[in-house]
Amino acid sequence: MENKRDVSSIKRIVVKIGSSSITHSETGGADLNRMEKLVRELSDLNNAGYEVILVSSGAISIGLKAARIYDTFYDGREADPERPDEKLKLKQAAAAIGQGRLMMIYEKFFGEYNQITAQVLMTTRNIRNNIDRYNVANTLEELLKLKAIPVVNENDSISTYEIKFGDNDTLSSVVASISHADLLILLSDIDGLYTDDPRTNPDAEFISYIEDLNDEYDSYAKGSTGSNRGTGGMATKMRAAHIASQSGTNMVIANSENLEVIHEIVQGKEVGTWIKAHANPDFYVSDYFEDEF
């Protein structure tokens, strides 16, 4: 079958990685081996002349581990109905503890590859507010001019429902939109989009390339990632695809098990699900969130 993936004009790349891909499920601690491999992949792209932005989860998990409450937080129990905000407050505190530790690890690994990094924390307020959005876009632009690799995350320590993205799939598509990225890579625990959940339906068919997003593809996006640490599933990835595509950014959903997949995607190999960009001149990412909240 003809490979329709055109990577000839790709210059600016956003890569999103979730908590389950860079932390140990048993403890919540950082998976240093995988984080080092991720950093090596991104550093090599930067050395090759690509502009790279990383959207990384992991702060809450690492913070819970540091506070020695990871096991009790994910013990399956629901929050106390008389104090429904207790777990939210605990997550916010864990994010405040874990974000610095997460960045310390990234700083160490990127530093070993002679790369400059920068932390950027965002909420939807930064997107809905014109001045904030302009400032975030300018910051990212200047960092990329300096050949730095921005590390973006949601500002979970201050986020409440009305200003949360809710998942880093959505956040990464917003970052791709405001930075005018050419390619967004969503790394997941599944190979890409299937016609059904392949873990429960052996007859599910893999979809390698999507020319135009429509309701049929959206209907395939159901179920979760299977991780108790992540907040996104395939539905959030398709939501991200709509934002990215309308913003003029190609997007790929791929499996993070082998992090060399990042280079394979940039080289145009047929891995993951490629969703072609169709820029909509009437689409403004801020309008998308005005409708949401």
Side-chain angles (χ1 to χ4, degrees), residues 4-18 21-22 38 41-42 45-46 50-57 120 122 124 127 133 136-137 140-141 143-144 149-154 165-193 207-213 217-218 221 225 230-256 259 261-280 283-285 288-289:
K4 299 179 181 179
R5 305 180 184 209
D6 181 9
V7 297
S8 60
S9 60
I10 288 175
K11 173 70 174 178
R12 185 168 294 180
I13 304 168
V14 176
V15 176
K16 177 264 176 181
I17 193 141
S21 297
I22 59 169
L38 172 66
E41 287 286 310
L42 300 184
L45 286 180
N46 205 28
Y50 292 98
E51 297 173 334
V52 180
I53 299 173
L54 172 62
V55 177
S56 175
S57 303
V120 180
M122 296 170 55
T124 60
I127 302 306
R133 187 174 65 256
V136 171
L140 291 173
E141 191 68 37
L143 287 170
L144 294 174
I149 298 179
V151 180
V152 184
N153 197 0
E154 181 157 12
F165 287 99
D167 62 89
N168 274 0
D169 293 331
T170 302
L171 172 59
S172 64
S173 67
V174 169
V175 170
S177 176
I178 64 175
S179 67
H180 305 291
D182 304 304
L183 177 64
L184 168 61
I185 300 174
L186 295 188
L187 297 175
S188 180
D189 62 353
I190 194 168
D191 294 334
L193 181 65
I207 300 169
S208 175
Y209 183 88
I210 297 177
E211 179 75 25
D212 290 297
L213 284 171
Y217 292 117
D218 289 338
T225 61
T231 56
M234 194 54 68
T236 67
K237 288 169 178 55
M238 294 307 289
R239 176 187 183 186
H242 282 279
I243 295 173
S245 179
Q246 292 187 81
S247 300
T249 303
N250 296 294
M251 192 182 100
V252 177
I253 305 168
N255 199 319
S256 66
L259 290 169
V261 73
I262 296 172
H263 267 72
E264 293 175 358
I265 291 168
V266 174
Q267 292 164 0
K269 295 182 180 179
E270 293 192 61
V271 292
T273 298
W274 179 287
I275 302 165
K276 185 178 179 180
H278 287 283
N280 177 1
F283 177 77
Y284 297 94
V285 70
Y288 186 94
F289 287 96

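Start at 1 with the first residue, then count along the sequence.
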With a 4.5 Å heavy-atom cut-off, do [X] and [Y] have their side chains touching?
X      : Y      : value
Ile127 : Val285 : yes
Asp6   : Asn250 : no
Phe283 : Ile243 : yes
Val15  : Glu41  : no
Arg239 : Asp169 : no
Val174 : Thr124 : no
His278 : Glu211 : yes
Tyr209 : Glu270 : no

About how many Å separate [atom2] of [Y] and [atom1] of [X], when rounded to the nearest 0.5 Å?
X      : Y      : atom1 : atom2 : value
Ile262 : Ile13  : CD1   : CD1   : 9.0 Å
Asp191 : Ser208 : CG    : OG    : 11.0 Å
Leu38  : Ile17  : CG    : CD1   : 4.5 Å
His180 : Glu141 : NE2   : CD    : 7.5 Å
Asn153 : Lys16  : CG    : NZ    : 10.5 Å
His242 : Tyr217 : NE2   : OH    : 11.5 Å

Is the backbone N or O of [Y] less than 3.5 Å from a side-chain atom of [X], with the two atoms forming a donor-acceptor pair by type?
X      : Y      : result
Thr273 : Ile207 : yes
Asp182 : Arg12  : yes
Ser245 : Lys276 : yes
Glu154 : Phe165 : yes
Thr249 : Ala181 : yes
Ser188 : Ala254 : no

Could you pull out the closest heavy-atom pair between [X] and [Y], with the gap in Å?
X      : Y      : result
Ser173 : Ala240 : CB-O, 3.4 Å
Gly268 : Arg5   : O-CD, 4.2 Å
Ile22  : Ser57  : CD1-O, 3.2 Å
Val175 : Ile53  : CG1-CG2, 3.9 Å
Gly248 : Ala279 : CA-CB, 3.8 Å
Ala176 : Leu184 : CB-CB, 4.3 Å

Does either side chain, that of Arg133 or that of Ser177, offer a donor lying less than 3.5 Å from an acceptor on the other one? no
Looking at Tyr284, I'd like to know if its OH atom is crowded, meaning that more than 12 non-hydrogen atoms belonging to other residues, nucleotides or ligands lie closer than 6.0 Å. no
Take Met122 and Ile178 through the side chain to side chain contact (heavy atoms under 4.5 Å, CB included) test and state the conclusion after the steps. CA-CA 12 Å; Met122 296 170 55; Ile178 64 175; 4.3 Å; yes
